[in-house]
K.L.:
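Mind having a look at this structure? Questions to follow.
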Amino acid sequence: MSSSLSTLVREVRALRAQRWGNKMGYLLILPAFLLYLVFDTWPIFRGVLMAFQNYRFLIPETTGLFSSFNGLQNYVEMVHDARFWASLWTSVRFTLMLFPIDLVLSFVVALLIASLGEGPLVSFHRVAVYLPVVLPIAAAMLVWGQLYDEQFGYLNVLLSGLLGTKVHIRWLSSIEWALPSCVLASLWKGFGYNAMLFLIGMYNINRELYEAAALDGAGRFKQMWYITIPLLKPIFTLVLVLSAGIWSATEQVMLLTNGGPAESTMTLGLYLYRVAFTWGDMRMGYAAAMNLVVGLISMGMAALVFKLMRSERA
Amino acid sequence: MNASTQMEIPLAERRLEFGRRWLLRIRARLGRLVAHAVMLVVSLACLLPLIWITSSSFKPKQELYAAIPSLFPRQWTLLNWEWCISIMGPVLNYLKNSCIITFGGMGVQIAAATLAGFAFARLEFKGRDLLFYLLLGLMFLPRAGGLMAAYEMMHFLHLRNSYLGLILAHGASLSVPVFIMRQSFLAIPRELEDSAVIDGASTLQLLWHIALPMGSAGVVIIAIFAFVAIWGDYLFTWTMLDSQKLYTVAVGITSTIGWSAEFQRHQISTYGANSAAYLISMLPVIIVFVALQRWFIRGLTEGILKL
């Protein structure tokens, strides 16, 4: 009885292999591949090509696939472009301010939430922390724009109430505070994502490890140091890789300060965008060249991070 | 340990042990209390902007422009909301556009990812694994071309200032969705499919009647993440659109300049109307997230653990 069933199954599988051979599979993956290659992959290669052209969108003669190549001209110009360096430096400052705080904050928050176990209040915390992440970025930044408003915004009022003294920080209109304001808004918007990643990692660590450590006399801090952090290494790596986009930070500055008082918050992403879409002839070639440079730097940094992670494991 | 050895421990030591354990319990409870308190502060800080914008949208003109604004309105008014929801305002149009583009994009992603995921999971064809890893691997290339090349291409295809263009473009972020669908389909027990094949099912019937219902969790996960990403997208959508009539709500709220003419007539302040508009753009996402939070967590979990 069972042998005839298994022969039947084998026959069915053979039939399937025959019948569902090659063609159907290709047909089914076609839409996905088509969409992806056209909208996601092609722009990457086109962008690299464009980075070596003197491509200006508003001047049709320069906008062919192969027209107006100008060798390394774009890069020479880039080196001499003071605004490029200024915006690069702004981006670096932005990332240096945002990233460490984001990392530490999300890790600590994840630790706290994980330590609270389960319950309706914990759900509330998870929702509250991740909610800023899902909000539309324009709305979120504009809301912060309102909070930051010197005359009618709530932030100064809140701080005055909390600290007891009259606080009147010119968040978005003073050069010292503009970039930190953008950093704060971006922190609020993004840390929940990393926190959630860490949290999920922590939820998946075997409880028994902690119990064993506690039996051996390890306090909470030692447990965290020797169990939690090493086991979360892959998530740390993931967070680092996903955070590569912080660099350009186009939307936040665009919506909050639009380059800021005297271009003090003009990050590289925003500068790029203005060159390509807003100013003058829409010089997409030059912008693409800058984008390429930024991309190479990001790749380099990612490779460095990978190497560091790997050598630590060994 | 028998009774005699137990009696040998001096009473003082036993009392000390009790005391120490009691202290540890107190410290643990205090620790939990502190954790709760800190998290409460953090959560409220996270929600502060939302609380502010909600209360702003209900405030009358005088309160919005008061020298010292309070967190909650002293006088509640529905004027701002009336204006936003009325047919005079462009907000309804923006909402319509958002729905078209978002649901269209979601549909495209789900359809393409389901088909491809099923093929990668259950069908055998030459080069299948290579193609799958190609699709996945391309995700890691740095976006060097970025917006510029995409702009040129959409312009070339006459897709730039259109619903279809945006739907297709948003529907094309397919690396993760295909991965998720393939995972869900791989998890379906083969016996179900075998029995269906014995009953004479074709590939498509198999997909529709068995694989899809069993893999519906994956579909939900793709749907909610796509919804959040497309609804809230600003830069891409704004760059590709020229005409204000096509703006989504997430984009339209940034260009509220033409509104002020209406305001004099209706005693509304720009602040108030803006606040209501911002909130309208955020509400669908908030509702979806709060109602379906477990799915978000599940989606992230499956993504991380399987990667």
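Order of the sequence lines fixes the chain letters, A, B, ..., with proteins taken first and strands second; residue numbering starts at 1 for each chain.
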K.L.:
Checking heavy atoms, do the side chain of A/N204, its backbone, both or neither come under 4.5 Å from chain B?
P.N.:
side chain
K.L.:
Heavy-atom distances under 4.5 Å only: say whether B/T114 touches chain A with side chain, backbone, both or neither.
P.N.:
neither
K.L.:
Heavy-atom distance under 4.5 Å to chain B: side chain of A/Y55, backbone, both or neither?
P.N.:
side chain
K.L.:
From A/S160 OG over to A/Y154 OH, what is the distance, rounded to the nearest 0.5 angstrom?
P.N.:
10.0 Å
K.L.:
Scan side-chain atoms only and decide if B/S98 and B/Y247 contain a donor-acceptor pair under the 3.5 Å cut-off.
P.N.:
no
K.L.:
Which bit of B/F289 comes within less than 4.5 Å of chain A, counting heavy atoms only: side chain, backbone, both or neither?
P.N.:
side chain
K.L.:
Chain B heavy atoms under 4.5 Å from A/T41: which part of the residue, side chain, backbone, both or neither?
P.N.:
side chain
K.L.:
What part of A/V38 is in contact with chain B, defined as an atom under 4.5 angstrom from a non-hydrogen atom: side chain, backbone, both or neither?
P.N.:
both
K.L.:
Please look at A/L34 and chain B and tell me whether the side chain, the backbone, both or neither of the residue comes under 4.5 angstrom of a heavy atom of that chain.
P.N.:
neither
K.L.:
A/F277 versus chain B, heavy atoms under 4.5 Å apart: side chain, backbone, both or neither?
P.N.:
side chain
K.L.:
Contact part of A/M196 toward chain B, heavy-atom cut-off under 4.5 Å: side chain, backbone, both or neither?
P.N.:
side chain
K.L.:
I'd like to know if the side chain of B/S56 and the backbone of B/G272 have a donor-acceptor N/O pair within less than 3.5 Å.
P.N.:
no
K.L.:
Less than 4.5 Å to any heavy atom of chain A: does that hold for the side chain of B/L48, its backbone, both, or neither?
P.N.:
side chain
K.L.:
Where does A/M141 contact chain B at under 4.5 Å (heavy atoms): side chain, backbone, both or neither?
P.N.:
neither
K.L.:
I'd like to check A/Q53 versus A/M284 (side-chain heavy atoms, cut-off strictly below 4.5 Å). Are they in contact?
P.N.:
no
K.L.:
Under a 4.5 Å heavy-atom cut-off, does chain A meet the side chain of B/A229, its backbone, both or neither?
P.N.:
neither
K.L.:
Among B/V178, B/V34, B/I53, which residue forms the greatest number of heavy-atom pairs with chain A at distances under 4.5 Å?
P.N.:
B/I53
K.L.:
Between A/A138, A/S115, A/P31, which has the largest tally of heavy atom pairs under 4.5 Å with chain B?
P.N.:
A/A138
K.L.:
With a 4.5 angstrom heavy-atom cut-off, which part of B/L134 approaches chain A: side chain, backbone, both or neither?
P.N.:
side chain
K.L.:
Given a strict heavy-atom distance threshold of 4.5 Å, which part of A/L121 is in contact with chain B: side chain, backbone, both, or neither?
P.N.:
side chain
K.L.:
Need one label for A/I235: side chain, backbone, both or neither, based on atoms under 4.5 Å from any heavy atom in chain B.
P.N.:
side chain
K.L.:
How far apart are the closest heavy atoms of A/Y203 and A/G117, and which atoms are they?
P.N.:
OH-O, 4.2 Å
K.L.:
Could you have a look at B/L207, B/L157, B/L40, B/V108 and say which one has the most heavy-atom pairs with chain A under 4.5 angstrom?
P.N.:
B/L40
K.L.:
Just wondering, do B/F118 and B/R182 contact through their side chains at under 4.5 Å, heavy atoms?
P.N.:
no
K.L.:
Just how far is it from atom CD1 of B/I222 to atom CZ of B/F225, taken to the nearest 0.5 Å?
P.N.:
11.0 Å
K.L.:
Between A/L147, A/L116, A/L135, which shows the greatest number of heavy-atom pairs under 4.5 Å with chain B?
P.N.:
A/L116
K.L.:
Between B/S195 and chain A, which part of the residue has a heavy atom less than 4.5 Å away: side chain, backbone, both or neither?
P.N.:
neither
K.L.:
Taking B/L279, B/V288, B/V38, B/T239 one by one, which has the highest count of heavy-atom pairs under 4.5 Å against chain A?
P.N.:
B/T239
K.L.:
What's the shortest heavy-atom distance between B/S70 and B/K59, and which atoms?
P.N.:
O-NZ, 2.7 Å
K.L.:
Taking every non-hydrogen pair under 4.5 Å, which of B/I286, B/D233, B/V290, B/L131 racks up the most with chain A?
P.N.:
B/L131
K.L.:
What residue in B/A112, B/A116, B/A45 has the most heavy-atom pairs under 4.5 Å with chain A?
P.N.:
B/A116
K.L.:
Does B/Y234 offer a backbone N or O that forms a donor-acceptor pair with the side chain of B/T237 under 3.5 Å?
P.N.:
no
K.L.:
For B/H155, which atoms come within 4.5 Å of any heavy atom of chain A: side chain, backbone, both, or neither?
P.N.:
side chain
K.L.:
If you count heavy-atom pairs under 4.5 Å with chain A, which of B/A119, B/A111, B/A172, B/P177 comes out on top?
P.N.:
B/A172
K.L.:
Can you tell whether the side chains of A/K189 and A/E251 come within less than 4.0 Å, N to carboxylate O?
P.N.:
no
K.L.:
Go through the atoms of A/L158 and report whether side chain, backbone, both or neither lie under 4.5 Å from a heavy atom of chain B.
P.N.:
side chain
K.L.:
Select one option (side chain, backbone, both, neither) describing which atoms of A/L255 are under 4.5 Å from chain B's heavy atoms.
P.N.:
side chain
K.L.:
What part of B/I224 lies closer than 4.5 angstrom to a heavy atom of chain A: side chain, backbone, both or neither?
P.N.:
neither
K.L.:
With a 4.5 angstrom heavy-atom cut-off, could you sort out which part of A/V157 is near chain B: side chain, backbone, both or neither?
P.N.:
side chain
K.L.:
Is the side chain of A/W188 donor-acceptor paired with the backbone N or O of A/A140 at a distance under 3.5 Å, no angle test?
P.N.:
no
K.L.:
Could you tell me which non-hydrogen atom of B/W231 sits nearest to which non-hydrogen atom of B/P284, and how far apart they are?
P.N.:
CZ2-CG, 3.4 Å
K.L.:
Going by distance alone, is a donor N or O of one side chain under 3.5 Å from an acceptor N or O of the other, for A/D149 and B/Y271?
P.N.:
yes
K.L.:
Sort B/M39 into side chain, backbone, both or neither according to what part of it lies under 4.5 angstrom from a heavy atom of chain A.
P.N.:
both
K.L.:
Relative to chain B, which of A/L112, A/L142, A/L35 shows the most heavy atom pairs under 4.5 Å?
P.N.:
A/L142
K.L.:
Would you please name every residue forming a salt bridge (charged side-chain N to carboxylate O under 4.0 Å, His left out) with B/D242, sequence neighbours left out?
P.N.:
B/R160
K.L.:
Please classify the contact of A/L8 with chain B as side chain, backbone, both or neither, using a heavy-atom distance under 4.5 Å.
P.N.:
side chain
K.L.:
Is it the side chain or the backbone of B/F296 that comes within 4.5 Å of chain A heavy atoms, both, or neither?
P.N.:
side chain
K.L.:
A cation-pi test, strictly: NZ or CZ of B/R128 under 6.0 Å from the centre of the six-membered ring of B/F120 and no more than 45 degrees from its axis. Yes or no?
P.N.:
no
K.L.:
Heavy atoms only, distances under 4.5 angstrom: which of A/I113, A/L49, A/L105, A/L131 has the most pairs with chain B? Name it, please.
P.N.:
A/L131
K.L.:
Tell me whether B/S55 contacts the main-chain N or O of B/W52 through its side chain, where contact means a donor paired with an acceptor under 3.5 Å.
P.N.:
yes
K.L.:
Locate the shortest heavy-atom distance separating B/V249 from B/S281; write the atom from each residue and the value.
P.N.:
CG1-CB, 3.8 Å
K.L.:
How far apart are the closest heavy atoms of B/I167 and B/G105, and which atoms are they?
P.N.:
CG2-N, 3.7 Å
K.L.:
Top residue by heavy-atom pair count (under 4.5 Å) with chain B, among A/W144, A/Y193, A/F33?
P.N.:
A/F33
K.L.:
Would you call A/R126 and A/Y130 a side-chain contact if the rule is heavy atoms closer than 4.5 Å?
P.N.:
no
K.L.:
Is there a donor-acceptor pair under 3.5 Å between the side chain of B/S173 and the backbone N or O of B/H170?
P.N.:
yes
K.L.:
Checking heavy atoms, do the side chain of B/F156, its backbone, both or neither come under 4.5 Å from chain A?
P.N.:
neither
